[in-house]
**Q** 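I'd like to ask you about the structure that follows.
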Amino acid sequence: IMSGFIFDLDGVIVDTAKYHYQAWKQLADKIGIEFSLEQNEQLKGVSRADSLNKILEWGQKTISNETFTALMKEKNEQYLDFIATMDDNEILPDVSKVLNYLKTKKQKIALGSASKNAVQILEKVKLTHYFDAIVDGNQVTNAKPNPEVFLNAAKQINVQPEHCIVFEDSLAGIQAANIANMVSIGIGDASILAEADYVFKDFSEMSLEFIDKLINLKN
Ligand code: G6P
Ligand code: MG
């Protein structure tokens, strides 16, 4: 019996939204655009370029391609300074417990993230060894809700999409999992993630019996 478990990174394994917020906030201040925590919420699951486009749109600002590229670079350098301070204390509740359980049950585990910094972040929190495949923003051209990232991950772990389970904190990610015909599990706010097959506040709310059910999915 074998399922594929695909984890989003930001907001599922670690809470990097606070670092994204600080880095974008600093940039927005510099170019004279207001940027709130509520707006930061809307950037969850959104690629770096799309995020900057949204911020510029909110601030009704147009800039040259050169400046756009420079600002993206600046934001990421700032973000990487925060990432450099991360360690395994930043792993979200019971993520390690679930990963361990899946390993003992010999399940396939993959990462499906929009981030181009995913490999680095997994290294910082010392979770790399759990993953049979890592698909991130460097390998994907179509952003979530396009299912490309998850279909690519399923292919790499050699599990049929119908036998894959996706853990996601963003609506776009849940939609991508649904389009891919995978079981979608929202981690976070049930009102935002209403389209998910199941929603949990975090992994500590998920029983091992439930995970067993996912392992035995349609087999
Ligand atoms: C995740 C985060 C987004 C972030 C995106 C790209 O989806 O939720 O907030 O913009 O990754 O991250 P990157 O590390 O490539 O800038
Ligand atoms: Mg996320």
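It should be emphasised that the depicted structure is a prediction, and the values quoted were computed from it without experimental measurement. Both ligands and their constituent atoms are indexed starting at 1 by order of listing.
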**Q** Taking the six-membered ring for Trp, are F210 and F200 ring centroids under 6.0 Å apart?
**A** yes
**Q** Any atoms of ligand 1 less than 4.0 Å from a non-hydrogen atom of N117? List them with their elements.
**A** 13 (P), 14 (O), 16 (O)
**Q** Using distance alone, decide if ligand 1 has a nitrogen or oxygen within less than 3.5 Å of any nitrogen or oxygen in R48.
**A** yes
**Q** Ring-plane angle category for F7 and F131, please: parallel below 30°, perpendicular beyond 60°, tilted otherwise.
**A** perpendicular
**Q** Applying a 4.0 Å heavy-atom criterion (strictly less than), which segment of T16 is in contact with ligand 1: side chain, backbone, both, or neither?
**A** neither
**Q** How far is atom 1 (C) of ligand 1 from its nearest protein heavy atom, and which residue and atom is that?
**A** D10 OD2, 3.3 Å
**Q** Under 4.0 Å from a heavy atom of K116: which atoms of ligand 1 are those, numbered in the order shown and with their elements?
**A** 13 (P), 14 (O), 15 (O)
**Q** Could you find the nearest protein heavy atom to atom 8 (O) of ligand 1 and give me its residue, atom name and distance?
**A** G45 N, 2.8 Å
**Q** List the steps, then state whether side chain to side chain donor-acceptor pair (under 3.5 Å) holds for N76 with N117.
**A** CA-CA 9 Å; N76 198 52; N117 299 304; 2.9 Å; yes
**Q** How many protein N, O or S atoms sit closer than 2.8 Å to the Mg ion (ligand 2)?
**A** 3
**Q** What is the nearest protein non-hydrogen atom to atom 10 (O) of ligand 1, stated with its residue, atom name and distance?
**A** V46 O, 2.5 Å
**Q** Any atoms of ligand 1 less than 4.0 Å from a non-hydrogen atom of L43? List them with their elements.
**A** 3 (C), 9 (O)
**Q** Taking atom CD1 of I121 and atom OG of S113, what is their separation to the nearest 0.5 Å?
**A** 7.0 Å
**Q** Kindly give the heavy-atom pair with the smallest separation between L193 and S170, and that separation in Å.
**A** CD2-C, 3.8 Å
**Q** Parallel, tilted or perpendicular: which one describes the rings of F167 and F203, with boundaries at 30° and 60°?
**A** perpendicular
**Q** Can you name the closest pair of heavy atoms from W24 and N40 and give their distance?
**A** CD1-OD1, 4.3 Å
**Q** Please classify the S51 to ligand 1 contact at 4.0 Å (heavy-atom distances, strictly less than): side chain, backbone, both or neither.
**A** side chain
**Q** By salt bridge (charged side-chain N to carboxylate O under 4.0 Å, His left out), which residues pair with K25, not counting sequence neighbours?
**A** D29
**Q** Taking side-chain contact (heavy atoms from CB on, under 4.5 Å) as the criterion, tell me which of Y21, F82, Y79 meets it with T16.
**A** Y79
**Q** Applying side chain to side chain donor-acceptor pair (under 3.5 Å), run through D94 and Y101 and close with a yes or a no.
**A** CA-CA 11 Å; D94 281 353; Y101 190 69; over 6 Å; no
**Q** What distance separates K144 NZ from I179 CD1, expressed to the nearest 0.5 Å?
**A** 12.5 Å
**Q** Can you list the ligand 1 atoms lying under 4.0 Å from a non-hydrogen atom of K44?
**A** 8 (O)
